[in-house]
S.K.: 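My questions all concern the structure below.
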Protein chains: 2
Amino acid sequence: MTGAPTAARDQPLIAIDVVPVSFAAGSGLRVATAPRQYAPYVGQEALPGVLLAPAERLADGARRALRSKAGIDAAAVRHLAQIGAFDGPERDPRSTAISVAFAAVVDPSAVGPGGGGAVDRPSSVWRLPDQGEPRLPFDHDTIIRAALEHVRTRIWRDLPLTRALLGEVFTSSDAAQLQTALTGTAPDPGNTNRALRTNPALVRADAPSSVAGRGGRPPVTWTWVD
Amino acid sequence: MTGAPTAARDQPLIAIDVVPVSFAAGSGLRVATAPRQYAPYVGQEALPGVLLAPAERLADGARRALRSKAGIDAAAVRHLAQIGAFDGPERDPRSTAISVAFAAVVDPSAVGPGGGGAVDRPSSVWRLPDQGEPRLPFDHDTIIRAALEHVRTRIWRDLPLTRALLGEVFTSSDAAQLQTALTGTAPDPGNTNRALRTNPALVRADAPSSVAGRGGRPPVTWTWVD
DNA sequence: ACAAAAGTGTTGGCGCTACACCCATGT
DNA sequence: ACATGGGTGTAGCGCCAACACTTTTGT
């Protein structure tokens with residue numbers, strides 16, 4: 001950074017937009033949106049976002065956006081990663097603004113009616129990322145694509161991210177399903193198993209997966225070594 | 001992005017900082033800095049940076065920083081990639097500011113006295129990135145580390161980036177030297193040759209490397225297809 | 001109730017590619 | 001000296017086949 005001697009004000013606004021991502025065996029990979037409370041696009045579903053506060057850290061702004069716009073408490077946020085800064089004249093009709101985007105891996109139960117949040121929190125909904133039928137306002141579709149690309153290129157390389165997505169205990173099927181959701185193609189089950197077996201960060205959990213599947217041999221459950 | 005109904009001003013300033021990177025056989029991998037013209041840290045070497053102009057795109061701000069602070073013309077910029085947004089209260093003693101950092105691969109001859117720029121451009125100097133003996137102000141050391149990490153993880157995966165670093169024609173030794181500079185360890189010359197030979201984006205150039213090495217078999221020269 | 005079928009996951013083998021490491025050859 | 005070209009061994013992954021465990025279906 002640097003500056004001319006007199007700081008130029010009238011700079012673009014700094015916005016923080018967050019892509020809440022969750023994964024669970026039953027529901028798959030999902031992205032949360034919440035209806036906008038202010039103009040423009042009032043009532044439309046959009047990513048939770050806020051304007052950066054004067055002395056606020058970027059990551060703190062992301063957490064505030066999750067809390068105030070989507071009702072996702074900080075305790076439900078398992079992982080937070082910056083995606084990048086987005087600009088462009090088309091991204092906001094009001095005034096020029098740049099957006100620093102984050103991807104947030106949150107607990108799957110933290111969204112939707114009956115979730116674990118406060119009673120009066122804004123209602124947010126999970127949606128499947130691929131067929132985002134109703135296009136999102138601003139450049140939020142671009143941001144979601146970038147966030148998913150970020151996750152896709154880091155799965156199994158970034159262990160904290162992977163752990164946040166899969167949770168503390170998960171089955172081989174869960175891992176395969178996550179990979180399928182991210183890459184679009186199902187991995188070979190044999191290779192998936194070998195990878196899980198030889199991964200030094202994982203140990204087999206004896207728990208035989210309480211929930212009964214609809215037929216078939218129950219998958220092995222895994223846990224993370226501490 | 002989004003916002004409260006009344007836009008909160010007094011937001012942090014938006015700065016653009018650029019890490020100019022170049023690679024050449026003789027000089028290796030280098031990063032350019034320029035002496036600061038304004039307070040704070042007047043006269044100290046730092047990354048070229050500007051405050052984002054009201055209606056300016058982020059990438060345009062990066063090019064303007066290169067031009068006005070380091071004398072690197074847009075024609076000398078071969079590649080421009082965003083690294084991310086940096087914040088933190090310690091990064092600027094004057095006022096809170098965030099910085100959107102870029103890595104710019106520039107022509108090695110575009111910096112230093114006798115370079116290809118204008119006559120009155122600010123003087124910038126190349127430096128080896130590793131032993132940044134004189135610590136840079138702000139969080140510029142962090143930004144340089146992030147930029148080099150960005151390059152390290154994308155070399156040979158991001159073809160435009162690799163092409164910008166190596167140039168249009170290069171030798172096998174150049175490729176090995178670049179890899180050594182990025183990873184710290186020299187790759188096996190046999191594997192490097194195999195990788196170059198089997199890379200469909202490369203073709204052998206007949207030019208037998210005009211500059212005579214100091215003894216030894218001259219390396220093969222390569223060019224990019226199309 | 002019992003057996004067969006269908007569904008799902010695990011384990012192992014085979015072949016290809018990539019890479020670390022080595023050595024002989026070319027200039 | 002220095003680079004090229006080739007060889008060997010290991011790790012990873014795509015692909016395939018056999019086996020194990022569970023639920024569903026048929027009689």
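Note on naming: letters A, B, ... go to the chains in the order of the sequence lines (proteins, then strands), and numbering restarts at 1 for each one.
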S.K.: Please confirm whether the shortest side-chain N or O distance from B/Ser172 to OP1 or OP2 of D/dT4 is below 4.0 Å.
M.R.: yes

S.K.: Using heavy atoms and a sub-4.0 Å distance, could you list which residues of residues 153-163 of chain A are near DNA chain C? By number, please.
M.R.: none

S.K.: Starting at CZ of B/Phe170 and ending at P of D/dA3, how long is that distance when rounded to a whole Å?
M.R.: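 Rounded to whole Å, this separation is 15 Å.
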
S.K.: Using heavy-atom distances to pick each residue's nearest nucleotide on DNA chain D, tell me which of A/Ala195 and B/Arg197 is more 5'.
M.R.: B/Arg197

S.K.: Excluding sequence neighbours, so at least two apart, what forms side-chain hydrogen bond (donor to acceptor under 3.5 Å, both in side chains) with A/Glu45?
M.R.: A/Thr33

S.K.: Once salt bridge (charged side-chain N to carboxylate O under 4.0 Å, His left out) is applied, do any residues pair with A/Arg197, and if so which ones, sequence neighbours excluded?
M.R.: none

S.K.: Just jot down the side-chain hydrogen bond (donor to acceptor under 3.5 Å, both in side chains) partners of B/Asn193, sequence neighbours excluded, or say none.
M.R.: none

S.K.: Which letter, B, S or -, goes with each nucleotide of nucleotides 22-27 of chain C from 5' to 3', with contact meaning a protein heavy atom under 4.0 Å?
M.R.: B---BB

S.K.: Going by the rule side chain to side chain contact (heavy atoms under 4.5 Å, CB included), which residues pair with B/Val203 if we only count those two or more places apart in sequence or in a different chain?
M.R.: B/Thr223, B/Val225

S.K.: Which is it for B/Thr162 and B/Trp224 under the side chain to side chain contact (heavy atoms under 4.5 Å, CB included) test, yes or no, and what are the steps along the way?
M.R.: CA-CA 11 Å; B/Thr162 310; B/Trp224 303 86; 4.1 Å; yes

S.K.: Rounded to 10°, tell me the angle between the two end axes of the helix from C/dA1-D/dT27 to C/dT27-D/dA1, each built from five pairs.
M.R.: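 Axis-to-axis angle, ends of the helix: 10°.
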
S.K.: Sequence neighbours excluded, which residues qualify as side-chain hydrogen bond (donor to acceptor under 3.5 Å, both in side chains) partners of A/His79?
M.R.: none

S.K.: Please state how far atom CG in B/Leu196 lies from atom C1' in C/dA18, giving the value in whole angstrom units.
M.R.: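 My rounded result for the distance is 14 Å.
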
S.K.: Could you tell me which residues satisfy side chain to side chain contact (heavy atoms under 4.5 Å, CB included) with B/Val19, sequence neighbours excluded, listed by chain and number?
M.R.: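 B/Val19 satisfies side chain to side chain contact (heavy atoms under 4.5 Å, CB included) with B/Val21, B/Val31, B/Leu47, B/Ile143, B/Ile144, B/Ala147 once adjacent residues are dropped.
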
S.K.: Under the side-chain hydrogen bond (donor to acceptor under 3.5 Å, both in side chains) test, which residues partner B/Ser172, sequence neighbours left out?
M.R.: B/Trp222

S.K.: Kindly write out the residues that satisfy salt bridge (charged side-chain N to carboxylate O under 4.0 Å, His left out) with A/Arg194, not counting sequence neighbours, or none if the list is empty.
M.R.: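 For A/Arg194, no residue satisfies salt bridge (charged side-chain N to carboxylate O under 4.0 Å, His left out) once neighbours in sequence are set aside.
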
S.K.: Just grab all the side chain to side chain donor-acceptor pair (under 3.5 Å) pairs involving residues 174-185 of chain A, residues at least two apart or on different chains.
M.R.: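 Residue pairs passing side chain to side chain donor-acceptor pair (under 3.5 Å), neighbours aside: A/Thr171-A/Asp174.
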
